[in-house]
Amino acid sequence: MQASTLAALKELALQCARSAGELSLKRMKEPFTVEYKTSASDLVTAVDKEVENHVIQMILARFPDHGILGEESAHVEDYKQYDTLWVIDPIDGTTNFVHQQINFSVSIAVYHKGEGMVGAVYDPSRDELFYAVKGEGAFLNDRPLQVNREVSLEQALLCTSVFWNKRAEQIGIDLIVKKLAGKVRGMRLLGSAALEMAYVAAGRLDGYVSMQLNAWDFGAARIIVEEAGGRVTTMTGTPLPYDQKSSVMACNPTFYEELQQFLKSEHTDVPSQN
Ligand code: IPD
Ligand code: CA
Ligand code: CA
């Protein structure tokens, strides 16, 4: 990809992330409708849909030939026909958006032929923009990010994206968390996978694991963690897909192997597929 194209993608991705974040903050102050998707734990608001539409309009106005994979619209049915694909989650952490009005983010990623080029995760409540461009490093606002602290698994502060409900029990996340909690310094649950992974890049957390996320949850943050020097794979150590559901493990490289071994140990019930 030409440097000028990459620069244009970066500029637009960052603009979209900021603009979407500002719109969600504005709408948060007004009444909005909340609907259930699959259950009372799986929410979507009118703001999620409006923000996603807003981002799609911005992208297509500039790049009408690009594909879009968005949580609320799955805009392009046959997205694989597009060389350049935008993977977007307009509000990651909708439950927090509704209840807490903090700890949610906008997640925008650009993939070219399956390769992550630009990732942007914006936390509008704190005005924190985490972003990365392939080969150019990762940043929080204008500060470069580097995951380079020496840390063992015992010293690590980990995070998981548990929705602590029936669904979580069905896929066994409670067992994994229980095992991990006994091994590491502490576990945190913030409720926005994109933000939690961005925090790994920023060194606020040492690692993040989740048994099941959608491509739009991790698409941007994965690029940010990798550009900051962290390692991101599935929980079984295979490469993350860019367009499919997957488990995710994103962490400081110093204990990546140790965590993999721990998750594979006979006492830990990690599924053999992604
Ligand atoms: C959710 C958040 C949460 C994770 C869920 C996701 P949403 O995204 O990332 O942390 O546990 O799996 O679905 O629904 O708020 O966009
Ligand atoms: Ca999400
Ligand atoms: Ca969402």
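Computed from heavy atoms alone, side chains included, the values below leave out hydrogens, waters and symmetry copies. Just so you know, ligand 1 is whichever comes first in the structure, and atom 1 is the first atom listed for that ligand.
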By number and element, which atoms of ligand 1 are closer than 4.0 Å to a non-hydrogen atom of [X]?
X: Asp89; result: 16 (O)
X: Ser192; result: 10 (O)
X: Thr94; result: 15 (O)
X: Ile91; result: 16 (O)

Can you check whether [X] has an N/O within less than 3.5 Å of an N/O in ligand 1?
X: Leu213; value: no
X: Ala194; value: no
X: Thr95; value: no

Exercise. Can a salt bridge be assigned to the pair Lys37 and Glu72 using a cut-off of 4.0 Å between side-chain N and carboxylate O?
Worked result: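 Looking at Glu72 together with Lys37, the answer is yes, because their closest N to O distance falls below 4.0 Å.
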Exercise. Taking the Ca ion (ligand 2) as the vertex, how big is the angle to OD1 in Asp92 and OD2 in Asp89, rounded to 10°?
Worked result: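 Asp92 OD1 and Asp89 OD2 form an angle of 90° at the Ca ion (ligand 2).
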Problem set entry | Glu22 side-chain N/O to Pro124 backbone N/O, donor-acceptor pair under 3.5 Å |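 Checking the backbone N and O of Pro124 against the side chain of Glu22, no donor-acceptor pair under 3.5 Å is found.
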Problem set entry | Arg222 side chain vs Leu240 backbone, donor-acceptor pair below 3.5 Å | yes
For this session: Please state whether the separation between the Ca ion (ligand 2) and some N/O/S atom of Glu71 is under 3.0 Å?
Result: no
Exercise. Minimum heavy-atom separation for Ala13 to Val118, with atom names?
Worked result: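 Ala13 and Val118 have their closest heavy atoms at CB-CG1, 3.8 Å.
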Exercise. Can you name the closest pair of heavy atoms from Asn96 and Ile102 and give their distance?
Worked result: CB-O, 3.3 Å
Exercise. Is it the side chain, the backbone, both or neither of Asn96 that has a heavy atom closer than 4.0 Å to ligand 1?
Worked result: neither
Exercise. Got more than 12 heavy atoms from elsewhere within 6.0 Å of CD, Glu150?
Worked result: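 No - once you tally the heavy atoms of other residues, nucleotides and ligands closer than 6.0 Å, there are 12 at most.
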Exercise. If you draw a 6.0 Å radius around CD in Gln2, do more than 12 non-hydrogen atoms from other residues or ligands fall strictly inside?
Worked result: no
Exercise. Is the distance between the ring centroids of Phe32 and Phe97 less than 6.0 Å?
Worked result: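 Close enough - the centres of the two rings lie under 6.0 Å apart.
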Exercise. In Asp217, what N, O or S atom is nearest to the Ca ion (ligand 2), if we give its atom name?
Worked result: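 Looking at Asp217, the N, O or S atom with the least distance to the Ca ion (ligand 2) is OD1.
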For this session: Look at Ile91 and state whether any of its N, O or S atoms is less than 3.0 Å from the Ca ion (ligand 3).
Result: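 Ile91 does place an N, O or S atom closer than 3.0 Å to the Ca ion (ligand 3).
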Problem set entry | Worked check of salt bridge (charged side-chain N to carboxylate O under 4.0 Å, His left out) between Arg185 and Glu154 | CA-CA 6 Å; Arg185 178 169 287 167; Glu154 279 76 13; over 6 Å; no
Problem set entry | Closest to atom 8 (O) of ligand 1 among Asp92, Leu43, Asn214 (heavy-atom distance) |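 Heavy atom nearest to atom 8 (O) of ligand 1 belongs to Asp92.
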